[in-house]
Amino acid sequence: MKQTLLLAIMLSLSIGCASSQTSDGSSEEPGLVNKLIEKANSEEGQKAIQMGKEKLQDPATQEKLKGLLSKEKKKKEVPVVPAQ
């Protein structure tokens, strides 16, 4: 469960960062993955990761996430009735 939540957080962060970047073929900047690794290895990144781990241990946060996940499952399970 914890791994799934951590993965979901990292994916949402990655998608958010990727959508905010402009892609320029002539750019010599490191890729998105390299930027994420550099940020995670920095002191600020380590603090954020630790804070996220602590927040995931909070029972209230776990209940909120379970509620969000169950809402997503319900949305996917709703059968679509074709229009006539």
Side-chain angles (χ1 to χ4, degrees):
M1 178 73 176
K2 292 177 188 176
Q3 291 174 342
T4 304
L5 295 175
L6 187 57
L7 178 62
I9 292 169
M10 289 301 295
L11 286 175
S12 64
L13 176 64
S14 297
I15 292 170
C17 291
S19 65
S20 67
Q21 285 187 339
T22 59
S23 56
D24 183 13
S26 63
S27 174
E28 293 183 14
E29 295 180 17
L32 176 62
V33 174
N34 290 337
K35 286 182 180 181
L36 286 173
I37 291 170
E38 288 174 15
K39 185 71 170 178
N41 288 333
S42 70
E43 184 178 339
E44 180 183 348
Q46 290 298 317
K47 286 180 183 178
I49 290 170
Q50 186 61 34
M51 186 176 68
K53 286 180 181 179
E54 291 171 3
K55 189 71 172 172
L56 287 174
Q57 298 296 325
D58 182 32
T61 303
Q62 291 178 359
E63 288 301 316
K64 287 180 185 178
L65 290 173
K66 285 179 186 177
L68 290 173
L69 291 174
S70 66
K71 286 180 185 177
E72 289 296 319
K73 287 181 182 178
K74 287 180 183 177
K75 286 181 182 178
K76 291 179 182 178
E77 292 175 359
V78 174
V80 177
V81 179
Q84 294 182 356

Quiz prompt | Residues forming a side chain to side chain donor-acceptor pair (under 3.5 Å) with Thr61, sequence neighbours excluded | solution =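 Asp58.
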Quiz item: Considering residues at least two apart in sequence or located in another chain, which fulfil the side chain to side chain donor-acceptor pair (under 3.5 Å) criterion with Glu44?
Solution: Lys39
Quiz item: When rounded to the nearest 0.5 angstrom, what distance separates CG in Leu65 from CD in Glu63?
Solution: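 Reported to 0.5 Å precision, the distance equals 9.5 Å.
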Quiz item: Is Glu43 close to Lys47 at the side-chain level, that is, under 4.5 Å between some pair of heavy atoms?
Solution: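 SC-SC contact between Lys47 and Glu43 confirmed.
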Exercise. Could you state whether Ile49 and Ile37 fall into the same hydrophobic cluster, counting links through intermediate Ile, Leu, Val, Met, Phe, Trp or Tyr residues with side-chain heavy atoms under 4.5 angstrom apart?
Key: no
